[in-house]
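Throughout, a chain's letter reflects where its sequence line sits, starting with A, and its residues are numbered from 1. Note that the structure is a prediction, hence the values are computed from the model and not measured.
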Amino acid sequence: MTKGNAARVIYWFRTDLRVTDSPALQAALNLPNLQAFYPVWCWDPNYVYGHKVGLNRWSFLLESMQAVSEEMTAINPKQRLHVVRGPPEIVLPIMWESWGITHLVFERDANAYAKVRDARIFSLAREKGVEVVDVHGRHLYDPVEVVKANGNKPTTTLHQWQNAVKKLGAIGKVAPTPTALPDPGDVKLKIGKRENYKWPHVDKNADIRTGKDTCFDSLSGPEGDYAVPTMEEMGYGPSTTTIRGGTVEGHKRLAAFLGDAPAVASFSKPNTAPTSLEPSTTLLSPYLKFGCIGVRELWWGSKETIAQWEKDGSKGAKKTKEPENMFGQLEFRDMYAAAETGQPHFERIRGNGMCKFIDWGLQNQYDKEGKEIVPRPKGDDEDEERLAAWREGRTGFPWIDACMRQLKHEGWIHHLARHSVACFITRGQCYISWERGMEVFDEWLIDWDPASNPGNWMWLSCSAFFSQYFRVYGLVSWPSKTDKSGALVRKYCPELKDFPDKYIYAPHTAPESVQKKANCIIGKDYPFPMLDEHVEKDRCIARLKDAYALNLHGDSPEVLDGTAMGLLRDRHGESGAGERKGKEEREEEKRESKRRKTGDGSLDGFVKKAKKERVEG
DNA sequence: GTGAAGTTGTGGTT
DNA sequence: AACCACAACTTCAC
């Protein structure tokens, strides 16, 4: 637009359901001669129908849309979030034409899905003479810039990310909250019916749709007022989560965290408890995911809180450092974003150059061109049953089952509980592809993120980022570290609630008399463990060792031409990695290991001891 | 090339 | 609570 002309602006909300700390919103409001301002959400049926998402995330999203709408109405009674029912590439051009739009402004979103969508919008806007302004704001640093600074490579360690951002200057300050919003102009659309775009023919959420959806009947909603759709209009019943969405709720949680200075200063993720009934972490991730709070509010808020606390004397309490502290957590979030942005096919194995090839069961299957994911062939019944039992929380391991039931019910579990269940289904015991686990988290987690979720699944499965595959989370030992009484198990697996503490994580080891007294017979009222934890752990480690030795990645020719699986299975045949060891054999190995230990020790042990003596001497 | 470090393992000892 | 041994991965700094 030439200078002096009036600006008629659509602010397109996507990842940023807030008015605070929004550099993109600020940029929109700073446009000169702002005449009309339309805050818009494009309610895309392709996403609503085509992406499997549980009730809890839908309800959180709708509440968050409603909350930001009310925030805007509070600033200007004529304002609201205008929810336009249709795919953005269809409804945005209708709005541009109907409302005389000159500018489209939004927060930049560099993940693979958004990149494709936004490229189409950029090109359409160019055709129609609408100026697009996209502004970074979702992360501490723009992931696209981080990838450039990292030699055009995805970041694979936190150190890489930290070194890359040194070249990018300081983290942006919290963007100011607008105190005024211009009015929207006329909101009438020239085309108001849904027939103008292709109706999606696949409904991946049919299994949870309990009624008829009406929310796509017209572009401006049933009342013609662009209101936020309700769960009912989507054809859904109520959600089950206790976590409420929205920028108000998010800011309450943020303020509660920042108000406890010693907690902010000494935050240490590894020392929080995954077993806790009340979250031992901040529970801010869903609000960051939907942009209900700005990441800089948390970053700078934490910095200021700690600075003030130190000024006030800080009473000798311990301050934690990166990466365990809150800043480290946010840096990891950014690191995954820069990894996703820089790595094609980040969300799958095939074609993903940073992902180790491991011969997991139930991997994605592809068509002949290797492009489209096709349904898995029948026949892998044991793996399918293990996956189903894991998903449904009936593995026979109370800790795993409690976590999975909590995940489905609340849409949230503690970060370390995610580690535990992810390790179990992949490299720990089940040897099932992380792609399958990732899908379940995608469906059920409210805070699901297109970069953090695949990234963490690769991390936990030792496919990328992390490689110490012999460190396996115990199904009894791990939860016992923070809660010997099994409170989370008693809540989410109530059939086990009367077992004594001693057996709560392994009820199948309880004598029959104890099971009877607890009114729960293992194998009847609660499942017997679906596998032997230690036998499967040993098999997994042996197979990971073979896979690491073969050292193929998602973009290796052997993976692309389909021969990798055979190569690795042959290797297992030679190493004996695939075989199940009997109990006797395991006992013998344990005795052997003990002999080594009580004898003159392994070479490494000897070297270390000698070194220590050298240092001390 | 070498050695240390790497967000969050287990099981044992001190 | 802090240390080691287990058996041994990748990255990074020197």
Inset, instruction - Go through B:dT8, C:dC9, C:dT11 for me and flag the one nearest to the A:Tyr469 side chain. - result: C:dC9
Legend entry - Nearest-Å distance once atom P is located in both C:dA7 and B:dT2: 23 Å
Legend entry - Closest to the A:Tyr473 side chain, choosing from C:dA8, B:dG9, B:dT7: B:dG9
Inset, instruction - Between C:dC9, C:dC12, B:dG9, spot the one nearest the side chain of A:Arg471, thanks. - result: B:dG9
Inset, instruction - Can you tell me the pairing partner of B:dT8 across any strand shown, Watson-Crick or G-U wobble, with both distances under 3.5 angstrom? - result: none
Legend entry - Rounded distance in Å between the P positions of B:dG6 and C:dC6: 23 Å
Legend entry - Interatomic distance at P, C:dA5 relative to B:dT7, whole Å: 24 Å
Legend entry - C:dA8 and C:dC12, which share atom name P, separated by this distance in whole Å: 23 Å
Legend entry - Candidate list A:Arg350, A:Glu347, A:Arg436, test side chain to side chain donor-acceptor pair (under 3.5 Å), partner A:Asn364, passing option: A:Arg436
Legend entry - Side-chain donor/acceptor contact of A:Gln468 with base of B:dG9 under 3.5 Å: no
Inset, instruction - For the pair A:Trp300 (side chain) and A:Gly172 (backbone), establish whether a donor and an acceptor sit closer than 3.5 Å, ignoring hydrogens and angles. - result: yes
Legend entry - Heavy-atom check, side chain of A:Asp21 versus side chain of A:Ile293, under 4.5 Å: no
